[in-house]
Protein chains: 2
Amino acid sequence: MREVKAGSKKEQTRERILRAAARAIRKHGYEGVGVADVMKEAGLTHGGFYAHFESRDALLAAAADQAGAESIENLTRAIAAAKPGQELMALVNTYLSDRHVAAPEQGCAIAAAGSEVPRQQAEVRRAASRRIKDIIGLIERQFPEWGRSAAHDKAMGIAATLVGALVLARAVDDSQLSNRIRKAARELVRAAAG
Amino acid sequence: MREVKAGSKKEQTRERILRAAARAIRKHGYEGVGVADVMKEAGLTHGGFYAHFESRDALLAAAADQAGAESIENLTRAIAAAKPGQELMALVNTYLSDRHVAAPEQGCAIAAAGSEVPRQQAEVRRAASRRIKDIIGLIERQFPEWGRSAAHDKAMGIAATLVGALVLARAVDDSQLSNRIRKAARELVRAAAG
DNA sequence: GATAAAATATGATGAATATCATATGCGCGA
DNA sequence: TCGCGCATATGATATTCATCATATTTTATC
């Protein structure tokens with residue numbers, strides 16, 4: 001009997017399914033994720049799915065975490081690429097960029113599907129909580145000069161503003177308003193960080 | 001042939017279905033709204049539905065607007081009940097209250113299902129846009145001393161913070177964090193409002 | 001290169017659900 | 001009070017989708 005080794009064919013396929021599901025959650029929402037569609041997106045057919053995951057629910061739980069991890073990775077990259085002293089605004093500009101508005105499937109999982117999270121199974125909610133804490137921590141670290149507690153408070157407020165601005169910017173049917181909302185959120189964050 | 005008059009039996013039944021659907025959207029999300037469930041909630045059986053609405057889609061469009069209208073009504077009431085000079089913080093406190101976190105089906109439609117809106121039909125998006133503009137206008141009017149443009153900008157930023165804070169507060173699996181997020185958002189808005 | 005086991009595909013099944021056709025019952029005008 | 005229509009209910013149909021059983025292909029070891 002062969003084992004499932006890291007890097008094995010099966011492991012790679014599982015990863016591909018997982019990534020496809022993580023994108024599907026952000027593109028179609030949790031309820032919009034279908035087993036067959038995810039498998040097709042991963043270049044496979046529907047039947048083999050259960051060789052990789054116990055159930056659709058198990059996939060959603062794993063994919064929720066994966067989606068969160070990808071979001072954090074993007075923001076971390078943006079911070080790393082920023083000029084010293086500009087890290088927070090680099091994060092904010094990346095988060096509120098046209099690109100992020102247009103491509104939810106590659107972006108923040110909370111902005112893309114956050115309002116569905118309260119209705120999901122416990123594992124999904126756990127993953128979402130963990131990733132939300134991660135994002136808050138990422139923002140918090142941009143305020144080293146402030147006390148831990150003050151920085152944490154500011155970070156939570158800023159995270160809320162960013163998520164809300166992106167949700168509103170995507171919801172409205174008027175690209176000018178979408179732009180204005182994001183600009184206003186940027187200014188609000190800048191003032192709060194000042 | 002009898003006409004459908006305002007206040008007629010049929011009109012009242014339609015209203016009941018509409019209200020049930022508006023609650024269902026906020027409780028189960030757009031995808032989670034089923035014709036049979038809505039009808040049962042309205043005290044009817046599934047078959048009669050098509051005497052009142054063309055299709056499930058037509059119901060969703062009408063119910064999205066209804067849900068938005070109910071949300072605005074709640075906030076308007078909170079402002080009206082506030083002591084003079086405390087209107088904005090009354091709105092903020094109502095929006096970020098424990099009650100609102102716990103009862104999405106009676107609250108803000110954007111916080112409850114906002115991340116699903118970009119995927120909905122055009123009529124739903126139109127209704128959402130209209131109601132988002134209404135909320136921004138409501139907040140904007142709390143800054144009479146500022147110029148129109150500055151008040152509008154502030155209002156958009158504050159709306160984003162409120163929506164994001166509620167989404168995050170509902171998503172996390174940790175009631176302490178949920179409380180802290182809302183408190184931080186309150187402080188951020190207070191500071192922004194000067 | 002042959003063979004066994006793993007990985008994936010094909011096809012079937014059952015449940016959920018939107019929609020529609022038809023039946024029933026209740027209120028309104030005589 | 002009686003009968004006609006409107007409002008609602010019952011039941012049927014078709015489709016979508018998760019899950020599973022079985023067949024086929026691929027891979028790795030000898």
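The basis for the numbers below is simple: all heavy atoms, side chains too, and nothing from hydrogens, waters or symmetry mates. Below, read A as the first sequence line, B as the second, and so on, with proteins coming before strands; counting in each chain starts at 1. From a predicted model like this one, the values you see are computed outputs, not experimental measurements.
- Sequence neighbours left out, the pairs with a member in residues 150-162 of chain B that pass side chain to side chain donor-acceptor pair (under 3.5 Å) are A:T161-B:T161.
- Applying the side chain to side chain donor-acceptor pair (under 3.5 Å) test to every pair with at least one member in residues 108-136 of chain A, sequence neighbours left out, gives these pairs: A:D65-A:R130, A:D65-A:R131, A:S115-B:S115, A:E116-B:R119, A:R119-B:E116, A:R131-A:D134.
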Atom pairs and distances, side-chain donor-acceptor, residues 181-193 of chain A, under 3.5 Å, sequence neighbours left out:
unit_1, atom_1, unit_2, atom_2, d
A:R182, NE, A:S178, O, 3.4
A:R182, NH1, A:L96, O, 2.9
A:R182, NH1, A:D98, OD1, 2.9
A:R182, NH2, A:D98, OD1, 3.1
A:R182, NH2, A:N179, OD1, 2.6

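- With sequence neighbours excluded, the residues forming a side-chain contact (heavy atoms from CB on, under 4.5 Å) with B:A58 are B:E54, B:S55, listed by chain and number.
- The distance between atom CZ of B:F53 and atom C1' of C:dA18, rounded to the nearest whole Å, is 15 Å.
- By the side-chain hydrogen bond (donor to acceptor under 3.5 Å, both in side chains) test, B:R14 is found to be paired with no residue, residues two or more places apart in sequence or in another chain being considered.
- Put simply, CE on B:M39 is 16 Å from P on C:dT17, counting in whole angstrom units.
- When the P atom of D:dT8 is taken as reference, atom CD of B:Q12 falls 10 Å away, rounded to whole Å.
- Within the structure, every side-chain polar atom (N or O) of A:T13 is placed at least 4.0 Å from both OP1 and OP2 of C:dA7.
- Checked by atom type and distance alone, the side chain of A:E15 never pairs as donor or acceptor with a backbone atom of A:T13 at under 3.5 Å.
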Reading 5' to 3' through nucleotides 15-25 of chain D, protein heavy-atom contacts under 4.0 Å coded B for base, S for sugar-phosphate only, - for none: ---SBB-----

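- Going from atom CD of A:E11 over to atom P of C:dA6 covers 17 Å, rounded to whole Å.
- If you take NZ of A:K40 and P of C:dA9, they are 12 Å apart, rounded to a whole angstrom.
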